[in-house]
Amino acid sequence: MRPYEELIVDIPNYPKPGVVFKDLTPAFADADAFAAMVDDLAAHFADRGITKVVGAEARGFIVGAAVALRLGAGFVPCRKPGKLPRMVLRESYALEYGTDVLEIHADALTSDDVVLIVDDLVATGGTTTAMVRLVRASGARLVGFGFVVELAFLDPRAVIAAETDAEVFSLVAVD
């Protein structure tokens, strides 16, 4: 794995006072770094038989779709309410600065699917566990999580472990 930390910019007090936002857009803008991130995440899960990658709006789309492509898997977007045109499964969740809701199309996953959840960053684990519950509701089998950044000091692994024993893999851990 490569040292991605140098391409992540801290933005203090965004989106609200006391929060330090981790801006990954410089890493996404660097073609070599972005390709390496995608390659490292995909390589870690390459032999798991993944058929679908699930990613949350919006930065999870960036990383998740690219990882899905590398794995030869489909991509399933988790969207904010009202953004998907057909019947949806819906899950609310808490995040580090409020609450929100995610939806996937009700027919996006089946019991035949082997799923990897990918996101740019995991903080408190709220978004991630909402995705776990959506995958579970669909009947698909979850095999792991791939994150570019994990805010380890918030202990998201404990929150995730309360929902599933699927493997958590992160390229960068912030202690």
Side-chain angles (χ1 to χ4, degrees), residues 14-16 18-19 21-25 28 37-38 41-42 44-45 48-152 154-171:
Y14 182 83
K16 72 176 206 173
V19 173
F21 184 82
K22 299 293 184 184
D23 182 8
L24 277 73
T25 59
F28 297 156
M37 277 188 272
V38 170
L41 288 168
H44 186 81
F45 293 99
R48 309 288 174 91
I50 293 162
T51 61
K52 299 280 175 57
V53 172
V54 175
E57 190 166 338
R59 293 180 314 268
F61 290 2
I62 296 167
V63 181
V67 169
L69 184 64
R70 283 284 200 279
L71 290 173
F75 178 73
V76 176
C78 281
R79 306 262 355 232
K80 304 289 183 181
K83 301 285 185 170
L84 295 171
R86 299 189 322 273
M87 184 185 300
V88 297
L89 300 174
R90 169 177 244 217
E91 189 66 44
S92 58
Y93 64 99
L95 50 125
E96 60 273 23
Y97 46 83
T99 61
D100 216 334
V101 174
L102 285 176
E103 298 177 340
I104 63 171
H105 277 128
D107 62 355
L109 300 170
T110 72
S111 59
D112 294 329
D113 283 314
V114 178
V115 174
L116 173 66
I117 291 174
V118 174
D119 211 345
D120 70 318
L121 183 140
V122 61
T124 63
T127 304
T128 303
T129 56
M131 289 190 285
V132 169
R133 292 188 295 274
L134 288 167
V135 169
R136 187 181 300 131
S138 74
R141 183 169 62 95
L142 177 65
V143 296
F145 304 89
F147 303 109
V148 176
V149 176
E150 175 183 345
L151 300 184
L154 294 175
D155 200 17
R157 288 177 185 246
V159 174
I160 294 168
E163 289 282 339
T164 181
D165 62 356
E167 179 187 6
V168 176
F169 175 71
S170 302
L171 299 178

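Here, residue 1 is the first one in the sequence, and each next residue gets the next number. It should be emphasised that the depicted structure is a prediction, and the values quoted were computed from it without experimental measurement.
For D120, the side chain to side chain donor-acceptor pair (under 3.5 Å) partners at least two apart in sequence or on another chain are R59. Looking at residues two or more places apart in sequence or on another chain, you find a side-chain contact (heavy atoms from CB on, under 4.5 Å) between R79 and E57, F61, P77, K83, L84. With sequence neighbours left out, D23 forms a side-chain contact (heavy atoms from CB on, under 4.5 Å) with V9, I11, F21, T25, P26. For S92, the side-chain contact (heavy atoms from CB on, under 4.5 Å) partners are V101, not counting sequence neighbours. With sequence neighbours left out, the side-chain contact (heavy atoms from CB on, under 4.5 Å) criterion links A137 to L89. For T129, the side chain to side chain donor-acceptor pair (under 3.5 Å) test picks out no residue, with sequence neighbours left out.
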For this session: Decide yes or no on side-chain contact (heavy atoms from CB on, under 4.5 Å) for M87 and D107, but give the supporting numbers first.
Result: CA-CA 8 Å; M87 184 185 300; D107 62 355; over 6 Å; no

Problem set entry | Candidate pair V63 and M37, rule side-chain contact (heavy atoms from CB on, under 4.5 Å), full reasoning | CA-CA 8 Å; V63 181; M37 277 188 272; 5.8 Å; no

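With rounding to the nearest 0.5 angstrom, the CD1 atom of I104 is 4.5 Å from the CG atom of L109. With rounding to the nearest 0.5 angstrom, the OH atom of Y93 is 8.5 Å from the CE atom of M131. Put simply, CD1 on I50 and CZ on F45 are 6.5 Å apart, with the number rounded to the nearest 0.5 Å. Here the CD-NE2 distance, from E167 to H44, works out to 3.5 Å after rounding to the nearest 0.5 Å. Between K52 atom NZ and D113 atom CG the span is 3.5 Å, to the nearest 0.5 Å.
Only one option out of V76, V118, L134 pairs with V54 in a side-chain contact (heavy atoms from CB on, under 4.5 Å); it is V76. Looking at R133, R86, R90 one by one, the single match for salt bridge (charged side-chain N to carboxylate O under 4.0 Å, His left out) with E103 turns out to be R90.
The shortest non-hydrogen separation linking V114 to G49 is CB-O, 3.3 Å. Contact detail for L102 and A56: the closest heavy-atom pair is CD1-CB, 4.2 Å. Closest non-hydrogen pair, A68 versus G74, comes out as CB-O, 3.7 Å.
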Using atom types as modelled, flag every donor-acceptor pair under 3.5 Å from a side chain in residues 140-152 to any protein atom, sequence neighbours excluded.
from, atom 1, to, atom 2, distance (Å)
E150, OE1, R157, NE, 3.1
E150, OE1, R157, NH2, 2.9
E150, OE1, S170, OG, 2.8
E150, OE2, R157, NE, 2.8

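Within the 4.5 Å cutoff, the side chain of I160 has heavy atoms near those of the V122 side chain. With a 4.5 Å cut-off on side-chain heavy atoms, T51 and D112 do not count as touching.
The salt bridge (charged side-chain N to carboxylate O under 4.0 Å, His left out) pairs that include a residue from residues 63-74 are D39-R70, where partners are two or more places apart or lie in different chains.
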